[in-house]
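Shown next, in structure tokens, is the structure this report addresses.
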2 protein chains.
Amino acid sequence: MQEITGLELSPKKVEYLKFLFKKGDLVRTTDISTELNVDPSTSTKTINDLSGSGYVDHVPYRGVRLTEKGRAYAEFFVNRHNILSLMLSHYGLSAEDACSEVSRFEAFVSKNAIDTICGAMGHPTVSVCGKIKHISCVSR
Amino acid sequence: MQEITGLELSPKKVEYLKFLFKKGDLVRTTDISTELNVDPSTSTKTINDLSGSGYVDHVPYRGVRLTEKGRAYAEFFVNRHNILSLMLSHYGLSAEDACSEVSRFEAFVSKNAIDTICGAMGHPTVSVCGKIKHISCVSR
DNA sequence: AATTTATTTGTATATATACCAACAAAGAAT
DNA sequence: ATTCTTTGTTGGTATATATACAAATAAATT
């Protein structure tokens, strides 16, 4: 498995993986389109992209699920979101504001930066948005 | 002058304004292309865009300068960069890492968030990247 | 089997970015 | 001042991302 830099995927694709991770198992492309407010054809196409680069397996007309690689990335993406939200909440942003602010820029924050921030925080396990796991977080 | 949300311009356009602000006066499109590592044709086109939306004045074959509006935005962009860099440096990132990390995502952080963070920091005047001014920073 | 629903494919649009080649203007040199 | 050189601009083309509508197709339901 290659190194995660954190900058591999566009903001939208990060959303897709986080949603698939949250749902856990086989997910229908229509569920994705509902959740992310896009046309079903859009989610199918994006899923095809993600499938082509190995993040998901897609059985047409059946559903989508994360690959091993996709799961690892999704897990990082969720942690990244939570760590950044926690950070912003330390500077006076409400949970909701922190969360929505982070959603806009999280795709552009590297794994290196997240590992460093996470270490400086003492590897917290709870954020304002959800729990934080530390599977892949290198101690710094 | 309309309210600044901070989300008006793309990352590249933010770079353009920050560079123009740094240079101060009339700037040649070629200087921009050199600084931002883009083709001269690219900088000319982008400047035309920025001119169309009122951020710069462009006299073809002569140069570019910020409008009043452009200057106000650029000033905010520089402050935003510095405040975010300072924030990341609080979590163990070096000045260079903080600065380059922030460069990637700063365009997606709202003025509201920056004002809040800035207030929580006690309106610092110095960052790891440069000085911070507080002209337009609403106290929170 | 027929109909309805879900999904995919094909085509199309919009934004942002950027390169190259062709052209125009400005400044310098004769 | 007319040419030469440098600088700057425009037009054409291309990529990546994200999106949607309409048509086609597969699956599920009656």
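Each chain gets a letter, A, B and so on, in the order its sequence line appears, and its residues count up from 1.
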So, using side-chain contact (heavy atoms from CB on, under 4.5 Å) as the criterion, who are the partners of [X] when residues are at least two apart?
X        : result
B/Ser33  : B/Thr30, B/Val38, B/Pro40, B/Ser43
A/Ser100 : none
B/Thr67  : B/Asp57, B/Lys69

With sequence neighbours left out, which residue pairs that include part of residues 15-49 of chain A fulfil the ring pair (Phe, Tyr, Trp, His ring centres under 6.0 Å) condition?
-> none

Among pairs that include at least one residue of residues 36-61 of chain A, which meet ring pair (Phe, Tyr, Trp, His ring centres under 6.0 Å), considering only residues two or more places apart or in two chains?
-> A/Tyr55-A/Tyr73

Check whether B/Val128 and B/Leu93 end up in the same hydrophobic cluster, where Ile, Leu, Val, Met, Phe, Trp and Tyr are linked by side-chain heavy atoms less than 4.5 Å apart.
-> no

Are A/Leu88 and A/Val78 connected in the hydrophobic side-chain network, where two residues link if heavy atoms are under 4.5 Å apart?
-> yes

So what is the 5' to 3' dot-bracket string for DNA chain D, if pairs are Watson-Crick or G-U wobble with both distances under 3.5 Å, crossing pairs use [ ] and | means the partner sits on another strand?
-> ||||||||||||||||||||||||||||||

Does A/Lys18 pair with A/Glu106 as a salt bridge, N-O distance under 4.0 Å?
-> yes

Quick one: do A/Glu15 and A/Lys12 make a salt bridge, cutoff under 4.0 Å?
-> yes

Minimal heavy-atom distance between B/Cys129 and B/Cys99, with the atoms involved, is SG-SG, 3.2 Å

Side-chain donor-acceptor contact under 3.5 Å, A/Thr5 with A/Glu8 | yes

Salt bridge (charged side-chain N to carboxylate O under 4.0 Å, His left out) pairs, two or more places apart, involving residues 26-46 of chain A = A/Lys22-A/Glu35

May I have all residue pairs that pass salt bridge (charged side-chain N to carboxylate O under 4.0 Å, His left out) and include part of residues 91-102 of chain A, sequence neighbours excluded?
-> A/Glu101-A/Arg104

By a strict heavy-atom criterion of less than 4.0 Å, which residues belonging to residues 36-55 of chain B are in contact with DNA chain D?
-> B/Pro40, B/Ser41, B/Thr44, B/Lys45, B/Asn48

Looking at DNA chain C, which of residues 5-13 of chain B put a heavy atom within less than 4.0 Å of it?
-> B/Ser10, B/Lys12

Describe, in one word, how the ring planes of B/Tyr91 and A/His90 are oriented to each other, choosing from parallel (under 30°), tilted (30 to 60°) and perpendicular (over 60°).
-> parallel

Aromatic contact, B/Phe108 with A/Phe105 (centres under 6.0 Å) | no

Check nucleotides 24-28 of chain D against the protein and report each pair of N or O atoms closer than 3.5 Å, with its distance, or say if there are none.
unit_1	atom_1	unit_2	atom_2	d
D/dT25	O2	A/Tyr61	OH	3.4
D/dA28	OP1	A/Arg62	NH1	2.9
D/dA28	OP2	A/Arg62	NH2	3.4

Contacts under 3.5 Å, N or O only, protein and nucleotides 2-5 of chain C:
none

